[in-house]
**Student:** 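Sending over a structure as structure tokens; questions will come in a sec.
All values derive from a computational prediction rather than experimental measurement. Lettering follows sequence order; numbering is per chain, from 1.
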2 protein chains.
Amino acid sequence: MARTQGSKAVITGPLVRDAARSLFARHGYSAVSMRQIAAQVGVQVGTLYAYTPDKQALLADLLRGHMQDLLAAWQDDPARPALERLHSFLRFHIATSIERPEAVFLSYMELRSLTPENRRQIATLRRRYEEALETILAAGVAEGTMHIPDLRLATMALIAMLTGVVNWYRDGGRLDQERVVAIYWELVRGAVGA
Amino acid sequence: MARTQGSKAVITGPLVRDAARSLFARHGYSAVSMRQIAAQVGVQVGTLYAYTPDKQALLADLLRGHMQDLLAAWQDDPARPALERLHSFLRFHIATSIERPEAVFLSYMELRSLTPENRRQIATLRRRYEEALETILAAGVAEGTMHIPDLRLATMALIAMLTGVVNWYRDGGRLDQERVVAIYWELVRGAVGA
DNA sequence: GTCTATAAAGGGATAGAC
DNA sequence: GTCTATCCCTTTATAGAC
């Protein structure tokens, strides 16, 4: 589709998403009004509806987009040793948590703000992400390099532990990304009995 | 204070808190209206204001009450071996997560819905709870029975991991409380290098 | 593409009767 | 202790001008 010269569609669209992501993450979906989003973008409320059919779609698009990005970016290699794969997963998850904290935070906090249909859809993507980890743990057990009492629980426990990073990590804080990864790797390696 | 015969104050008060806790946990503070709470209790909206000055105080009281209950119920004995103390903490935290899932869920999800003053106050209680765990980990390191790369991070990681239980545990599900504790204990013991 | 204006509904909170 | 009625404000979303 040709772009009208001087059109701001290509810029306002992302701005709306950015503002929504930031405000939803900070205050929660229900606590944020379309007026607040508009104010942050620098437009009037009515304008938002040129970019989203409604508020709910705005949230659903953010979560779906994030989960799809995650799944597309994650590269696993079943041929490698399970411990190496686990280390890669940990790096990947923490890197994402640090680079896109708002999207990560939103994706696990605001599932309940979705309509049932949207929630089903995004919960499916989320489950696929959890399965990426569970697959690695299963491989480790099969290899004999990991000792895990319950695959499903270990997966949930590790995901919860890793996702917690968004609750305290701050740029310029005591620890940089590399050190956080190193510390979590030691904890995770121990947890999986390696 | 004498109780008027036939007074329902002693019953309606708790009912309001129960309804608010349940609805806030399910839908989020901002998404719940005073009218919804009243409907769940079985009274009209105006009645709620005989039991709380406003909606914000209702949330703050729930969170403060829960954190105070937690801190009052937790019994630690610095004389015992650190690993035993850690096991007790794990049992305590998981038992609470299973017995009062709504309060636990609320307390880590809705801190951001508090006014700054309320948030400060409850964050302080929360930090005291985290310190209960951190103290045990420090003792384990001093004893030489635990090997932990970073005390603060390990504390945050373990709390996040344990609190995640409320996200998937269901009564009558695949695992009962005892088995959940056993599985998490294996994971945690490994994570702390024991 | 963005604005203004407005409709229609629902929000928190209070007053006063019973 | 509870209800009814109401105030006043904000909400989402739409229509139509520019």
Side-chain angles (χ1 to χ4, degrees), chain A residues 1-24 26-63 110 112-118, chain B residues 1-24 26-63 110 112-118:
Chain A
M1 208 168 7
R3 230 161 70 210
T4 309
Q5 201 175 19
S7 160
K8 286 190 175 174
V10 288
I11 181 82
T12 301
L15 281 184
V16 169
R17 294 168 56 90
D18 290 348
R21 186 185 304 109
S22 163
L23 288 167
F24 288 165
R26 202 185 321 274
H27 307 292
Y29 173 76
S30 305
V32 172
S33 69
M34 294 297 271
R35 276 174 176 76
Q36 281 177 272
I37 297 171
Q40 174 126 331
V41 174
V43 296
Q44 297 300 314
V45 207
T47 304
L48 295 181
Y49 291 88
Y51 298 95
T52 182
D54 53 29
K55 192 185 170 189
Q56 169 71 204
L58 201 45
L59 176 66
D61 286 347
L62 287 172
L63 297 200
E110 295 292 358
R112 67 178 173 189
S113 299
L114 294 169
T115 59
E117 193 186 331
N118 284 331
Chain B
M1 207 166 11
R3 232 163 67 212
T4 309
Q5 200 174 20
S7 159
K8 286 190 175 175
V10 289
I11 180 82
T12 301
L15 281 185
V16 169
R17 294 168 55 90
D18 290 348
R21 186 186 304 108
S22 163
L23 288 167
F24 288 165
R26 202 184 323 273
H27 307 290
Y29 173 76
S30 306
V32 173
S33 70
M34 294 297 273
R35 283 171 173 79
Q36 280 177 272
I37 297 172
Q40 174 126 331
V41 174
V43 296
Q44 297 301 314
V45 205
T47 304
L48 295 182
Y49 291 88
Y51 298 95
T52 182
D54 53 30
K55 191 184 171 191
Q56 168 71 205
L58 201 45
L59 177 65
D61 287 346
L62 287 173
L63 298 200
E110 295 292 358
R112 67 176 173 191
S113 298
L114 295 168
T115 58
E117 194 187 330
N118 284 330

**Student:** First locate atom CZ of A:Arg21, then atom CG of A:Leu59, and finally report the distance between them rounded to the nearest 0.5 Å.
**Tutor:** 11.5 Å
**Student:** Indicate yes or no: at least one non-hydrogen side-chain atom of A:Ile37 is less than 4.5 angstrom from one of A:Phe24.
**Tutor:** yes
**Student:** Give a yes/no answer on whether the side chain of B:Gln44 brings an N or O atom under 4.0 Å of OP1 or OP2 in D:dT2.
**Tutor:** no
**Student:** Rounded off to whole Å, could you give me the OH-to-C1' distance for the B:Tyr51 and D:dT2 pair?
**Tutor:** 8 Å
**Student:** At a heavy-atom distance below 4.0 Å, what parts of residues 36-43 of chain B sit against DNA chain C?
**Tutor:** none
**Student:** Enter the distance from B:Thr12:OG1 to B:Asp18:CG here, rounded to the nearest 0.5 Å.
**Tutor:** 11.5 Å
**Student:** Compare every heavy atom of B:Ala38 with every heavy atom of B:Gln44, then report the nearest pair and how far apart it is.
**Tutor:** C-CB, 3.8 Å
**Student:** Among the candidates C:dG1, D:dT14, C:dA13, find the nucleotide nearest to the side-chain atoms of B:Lys55.
**Tutor:** C:dA13
**Student:** Could you please name the option among D:dA13, C:dG11, C:dT2 that lies closest to any side-chain atom of A:Asp54?
**Tutor:** D:dA13
**Student:** In chain order, what residues pass the salt bridge (charged side-chain N to carboxylate O under 4.0 Å, His left out) check against A:Arg17, with sequence neighbours excluded?
**Tutor:** none
**Student:** Atom pairs under 3.5 Å, N or O on each side, protein against nucleotides 15-18 of chain C: can you list them with distances?
**Tutor:**
none

**Student:** Could you report the tightest heavy-atom contact between B:Val32 and B:Leu23, atom names first, then the distance?
**Tutor:** CG2-O, 3.4 Å
**Student:** Which angle, rounded to 10°, do you find between the first-five-pair axis and the last-five-pair axis of the helix from C:dG1-D:dC18 to C:dC18-D:dG1?
**Tutor:** 0°
**Student:** Counting distance alone, no hydrogens or angles: does the base of C:dG10 have a donor or acceptor under 3.5 Å from a partner atom on the side chain of B:Arg35?
**Tutor:** no
**Student:** Can you see which heavy atom on B:Gln36 is nearest to which on B:Ala31, and at what distance?
**Tutor:** OE1-O, 3.4 Å
**Student:** For B:Tyr49 and D:dT4, give me the distance from atom OH to atom P, rounded to whole Å.
**Tutor:** 16 Å
**Student:** Which whole-number value in Å describes the distance from B:Leu58 CG to C:dA13 P?
**Tutor:** 10 Å
**Student:** Under the rule for salt bridge (charged side-chain N to carboxylate O under 4.0 Å, His left out), what residues qualify as partners of B:Asp61, not counting sequence neighbours?
**Tutor:** B:Arg64
**Student:** Which nucleotide sits closest to the side chain of B:Ser33: D:dG1, C:dA13, C:dG11?
**Tutor:** C:dG11
**Student:** Should A:Thr12 be listed as having a side-chain N or O under 4.0 Å from OP1 or OP2 of C:dT2?
**Tutor:** yes
**Student:** Looking only at heavy atoms, what is the nearest atom pair of A:Met34 and A:Leu48, with distance?
**Tutor:** O-CD1, 3.2 Å
**Student:** Tell me the closest heavy-atom pair linking A:Asn118 and A:Gln56, and the distance in Å.
**Tutor:** ND2-OE1, 3.1 Å
**Student:** Between OH of B:Tyr51 and CG of B:Leu58, what distance do you get to the nearest 0.5 Å?
**Tutor:** 13.0 Å
**Student:** Rounded off to whole Å, could you give me the CG-to-P distance for the B:Leu23 and C:dG11 pair?
**Tutor:** 12 Å
**Student:** What pairs with B:Arg112 under salt bridge (charged side-chain N to carboxylate O under 4.0 Å, His left out), at least two apart in sequence or on another chain?
**Tutor:** A:Glu110
**Student:** Please determine if a side-chain N or O atom of A:Thr47 lies less than 4.0 Å away from the OP1 or OP2 oxygen of C:dG1.
**Tutor:** no
**Student:** May I have the distance from A:Leu48 (atom CG) to D:dA15 (atom P), rounded to whole angstrom?
**Tutor:** 17 Å
